[in-house]
Amino acid sequence: MNKLSIVVPCYNEQESVPLFFPAVEKVVTKMDVTVEYWFVNDGSADNTLQELRKLHNDHPEKVHYISFSRNFGKESALYAGLQAATGDYVVDMDVDLQDPPEFLPKMYDLLQTGDWDCIGTRRVDRTGEAKIKSFLSDMFYKFINRISNTQIIPGARDYRMMTRQMVNAVLEMKEYSRFSKGIFSWVGFRTKYLDYHNVERVAGESDWTTWKLFRYAFDGIADFSQAPLNIAVWIGSVSFIVSIIGLLAVIIRHIVNPDAAVFGWASLVSIILLIGGLQLLCIGIIGRYVGKIFLQVKDRPIYIVQEKK
Ligand code: UDP
Ligand code: MG
């Protein structure tokens with residue numbers, strides 16, 4: 001019998017954990033697989049760990065957990081879970097039941113056909129989300145798909161079931177700055193997306209503030225594209241050409257009319273400020289990439305485990 005590993009990152013989810021487990025069990029017990037759970041407690045400040053311990057004590061063979069020494073972020077939690085999972089198939093789920101468990105049998109059956117290596121899910125609507133947020137996220141997908149060779153599917157969630165082969169490929173990507181949407185796409189394999197309607201979380205609150213999403217978006221772009229660096233090249237080229245033209249104009253004016261009055265203090269200041277600003281912008285872009293190199297070469301662990309059962 002095949003084994004299915006369910007990887008569940010949890011951060012401050014004390015209310016969701018006790019609801020999640022029975023909801024998933026109801027579905028998977030009808031499937032023809034053995035199941036193991038890998039909950040990852042991502043440094044929660046509430047009683048999530050206690051809830052996980054309780055679950056583990058009730059089902060010591062089936063339910064396992066990893067508890068981090070602090071909050072390392074969902075991407076790190078996901079990576080830890082994938083590393084721990086031993087199943088022939090691995091599925092990543094949110095604990096807030098926004099990823100409907102009813103999809104599991106269908107995902108599994110589709111993988112069994114051998115036509116696919118990964119069954120992902122894609123939200124087709126965004127009910128219950130602010131208009132401006134949907135708009136910005138649409139812009140983000142358009143932008144990143146234009147400038148990056150790695151295609152990111154709009155609305156795709158991390159809820160996906162993968163074969164062992166694909167999981168091993170994802171585990172090979174040991175980068176520190178982990179943008180999962182990009183990583184899953186980068187490794188290739190045949191992915192099918194199931195559409196579904198947005199579901200609100202059962203309990204607790206999402207801690208994705210707009211500012212956090214912005215940073216996430218920039219990280220995604222910087223991790224999977226070098227296009228922003230080209231901005232520096234373009235700005236540099238354009239101002240170089242403009243300055244050559246300006247220089248020629250000054251020389252010609254001096255030859256034609258050596259006694260011309262000096263003028264243009266205001267335009268000079270504007271030009272200096274403009275060029276200065278553009279230079280800082282370009283240095284900033286380069287700085288972001290240098291920062292990522294810095295984090296990577298330090299080669300720090302992606303997460304630190306405090307407790308594992
Ligand atoms: N999560 C995590 N670490 C974090 C933030 C979130 O492990 O730092 C988990 C969270 O418990 C949930 C999943 O990642 O199971 C998705 O988080 P959330 O529901 O807040 O995101 P959304 O569904 O709004 O994208
Ligand atoms: Mg959620």
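As the structure lists them, so they are numbered: ligands from 1, and atoms in each ligand from 1.
- Salt bridge annotation for Asp94-Arg157: present, with a cationic side-chain nitrogen under 4.0 angstrom from a carboxylate oxygen.
- Defined by atom type and a distance below 3.5 Å, a donor-acceptor pair is missing between the side-chain atoms of Glu175 and Tyr79.
- Between the side chains of Asn41 and Thr48, no donor N or O sits under 3.5 Å from an acceptor N or O.
- A donor-acceptor contact shorter than 3.5 Å is absent between the side chain of Ser76 and the backbone of Tyr303.
- Just one residue in the list Met162, Lys192, Gln165 forms a side-chain contact (heavy atoms from CB on, under 4.5 Å) with Asp117, and that residue is Gln165.
- Atom OH of Tyr289 sits in a crowded spot, with more than 12 heavy atoms from other residues, nucleotides or ligands closer than 6.0 Å.
- A donor-acceptor pair under 3.5 Å is formed between the side chain of Thr113 and the backbone N or O of Leu110.
- For ligand 1, the 4.0 Å heavy-atom shell contains residues Pro9, Cys10, Tyr11, Glu13, Asp42, Asn71, Gly73, Lys74, Asp94, Val95, Asp96, Gln98, Arg157, Arg201, Ser206, Asp207, Trp208.
- If you check the side chains of Thr34 and Lys3, you find no donor sitting under 3.5 Å from an acceptor.
- Of all protein atoms, those that are N, O or S and lie under 2.8 Å from the Mg ion (ligand 2) total 2.
- Judged by distance alone, the side chains of Gln151 and Ser185 never bring a donor and an acceptor atom under 3.5 Å apart.
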